[in-house]
Amino acid sequence: MKMKVLIADKFPEYYTNILRKNDIEVIYEPKLGEDDLIEAAKEVDILVVRSTKVNAAAIENASNLNLIVRAGAGVNNINVAAANKKGVYVANCPGKNAVAVAELAIGLMISLDRRIPHNVADFKKGIWNKGEYSKAEGLLGKTLAIVGVGNIGKEVAKRALAFGMSVYGKDISRIEGVAIKDFDEMDKILPIADIVSIHLPLTPQTRGLFDDKMFSYMKPGAYLINTSRAEVVDEEALIKAVKEKNLRVAFDVFKDEPEGKTGSVSSPLMELENVYVTHHIGASTEQAQNAVAEETVNIISKYIESGVIAHWVNKAKITEQMYQLVVKHYDKPGVLASVLDVLRDADINIEEVENLIFDGGIVATCTMKLRKPATGEMIEAIRVNPNVLTVSHVAM
Ligand code: 3PG
């Protein structure tokens, strides 16, 4: 039977056709919303979304669902907890739209400095105001703080350096080949930053990060750009800071952003003179969407061919202490079963296991991550099997 893939957001036709050629039944329904997915995803094996919300009901109701691909970076629109409960893989396409988001962030910086949207709006109204709009400062030599230096933050850094800005970033260890300075604490960098650009994923740690306290650190008149997630900024605190500290703000995301692609919009940010908002278009260049679509096709093809999930985001990150048991053995039926018997009798759970075979197929090596340590007696019990060559056991 053909594998069924539902694409519930806009996706380039070229890549939809590649999936179809791979003997996959592709259902392309770009206008589906959160509530529609409960019915629409019911019988599909793979679901592809951009920002359309995938809630717990949609996941619970989808009896064949095995993989959700986020055709983009942030997975906060997917109820990952519900996917975990059912063993549904969630994957994303990290970095593929980073350049597009960085280009928008830089565009917003220039827009704030030159007040381009105001310029244009006045022109359309028949107002000429060269006097007022000649008051821009320029970006050369300005201090930019990049909060969140992942794929996107790094691309912003490269462009800002080319503009002659002095660039600071949090998370220096993740930046290779980009000469930007590290900073430890927000209370050190925010007071000296002329421009702050946020590039964080939405996590429990980043939700509401920009609150009254953070705004109190910011320089009066500084520029704040957010092309990441609305929830990283406390909107009430932002509005207060815009009024009290005269911040200039440009956001591509905002609270209660509409789910649909067109319609009306309402936000308290509309009332604020120095706040520009774009329509969550950071990733929406043709280049970025093609790169994301190509990666989505790669993820699906690899999964179908080998069962391996590239960019698997809901794989557990093992943080507690683990013990690694490596058993090198002749590759014969029953050898691993004897090892597992020893672990089961000791009530030890295997958290991860991988069995790889040496060239020639005579010997294999099995690596297991254990929750509890194996005792000397257990290792001996494994070793007595004549088909076991070596056993090693270390704490990790
Ligand atoms: C992302 O996380 O990749 C961006 O926010 C893009 O969202 P979009 O696919 O809805 O444009």
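As the structure is a prediction and not an experimental result, all values here were calculated from the model. Just so you know, residue 1 is the first one in the sequence shown, and it goes up from there. We use all heavy atoms of the structure for the numbers below, so side chains are in, but hydrogens, waters and symmetry mates are not.
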Considering only heavy atoms from C-beta outward, does the side chain of [X] approach that of [Y] to under 4.5 Å?
| X | Y | answer |
| --- | --- | --- |
| Lys315 | Ile309 | no |
| Ile68 | Ile59 | yes |
| Met368 | Val327 | yes |
| Val101 | Val156 | no |
| Leu343 | Asn349 | no |
| Ser51 | Arg70 | yes |
| Tyr223 | Asp194 | no |
| Leu336 | Cys366 | yes |

Might you confirm whether atom [atom1] of [X] has over 12 heavy atoms from other residues, nucleotides or ligands at distances under 6.0 Å?
| X | atom1 | value |
| --- | --- | --- |
| Glu259 | CD | yes |
| Gln287 | CD | no |
| Asp347 | CG | no |

So if you build clusters from Ile, Leu, Val, Met, Phe, Trp, Tyr with side-chain heavy-atom gaps below 4.5 Å, do [X] and [Y] land together?
| X | Y | answer |
| --- | --- | --- |
| Leu139 | Leu144 | yes |
| Tyr28 | Val5 | yes |
| Tyr89 | Val75 | no |
| Ile106 | Ile281 | yes |
| Leu65 | Leu37 | yes |

Inset, instruction - With Ile198 as reference, evaluate Leu209, Val233, Ile225, Val253 under the side-chain contact (heavy atoms from CB on, under 4.5 Å) test and give the passing residue. - result: Val233

Inset, instruction - Among Leu6, Thr16, Ile46, Asn17, find the one that has a side-chain contact (heavy atoms from CB on, under 4.5 Å) with Val26. - result: Thr16

Legend entry - Distance-only polar pair, side chains of Thr296 and Arg50, donor-acceptor under 3.5 Å: no

Legend entry - Modelled atom types, side-chain donor and acceptor of Glu295 and His311, under 3.5 Å: yes

How long is the straight-line distance from [atom2] of [Y] back to [atom1] of [X], given to the nearest 0.5 Å?
| X | Y | atom1 | atom2 | answer |
| --- | --- | --- | --- | --- |
| Tyr15 | Asn290 | OH | CG | 5.0 Å |
| Asn97 | Leu104 | CG | CG | 11.5 Å |
| Tyr323 | Leu370 | OH | CG | 10.0 Å |
| Met214 | Leu224 | CE | CG | 12.0 Å |
| Thr143 | Met165 | OG1 | CE | 10.0 Å |
| Leu200 | Ile146 | CG | CD1 | 11.5 Å |

Backbone N or O of [Y] within a donor-acceptor pair of the [X] side chain at under 3.5 Å?
| X | Y | answer |
| --- | --- | --- |
| Asn76 | Leu202 | no |
| Asn55 | Ala57 | yes |
| Asn119 | Arg114 | yes |
| Asp35 | Ile38 | no |
| Arg115 | Tyr133 | no |
| Asp252 | His280 | yes |
| Asn314 | Val90 | yes |
| Asn92 | Ala73 | yes |
| Lys255 | Glu235 | no |
| Lys86 | Ala62 | yes |

Are the charged groups of [X] and [Y] less than 4.0 angstrom apart, N to O?
| X | Y | result |
| --- | --- | --- |
| Asp187 | Lys213 | no |
| Arg159 | Glu155 | yes |
| Lys4 | Glu43 | yes |
| Lys369 | Glu352 | yes |
| Arg207 | Glu231 | no |

Where do [X] and [Y] come nearest, in terms of heavy atoms and distance?
| X | Y | result |
| --- | --- | --- |
| Ile239 | Pro268 | CD1-CB, 3.8 Å |
| Ala288 | Thr285 | N-OG1, 3.0 Å |
| Thr52 | Gly33 | CG2-C, 3.9 Å |
| Ala193 | Ala145 | CB-CB, 3.8 Å |
| Ile192 | Lys219 | O-NZ, 3.9 Å |
| Glu25 | Lys2 | N-CD, 4.2 Å |

Inset, instruction - Using the side-chain hydrogen bond (donor to acceptor under 3.5 Å, both in side chains) rule, take Gln205 and Thr203 through it: C-alpha gap first, then chi angles, then the decisive distance, then the call. - result: CA-CA 5 Å; Gln205 292 76 35; Thr203 65; 3.3 Å; yes

Inset, instruction - Determine the interplanar angle of the Tyr276 and His118 rings, folded into 0 to 90°, and report it as parallel if under 30°, tilted if 30 to 60°, perpendicular if over 60°. - result: tilted

Inset, instruction - Test salt bridge (charged side-chain N to carboxylate O under 4.0 Å, His left out) on Asp9 and Lys261 and set out the steps. - result: CA-CA 10 Å; Asp9 270 305; Lys261 315 291 177 268; 3.0 Å; yes

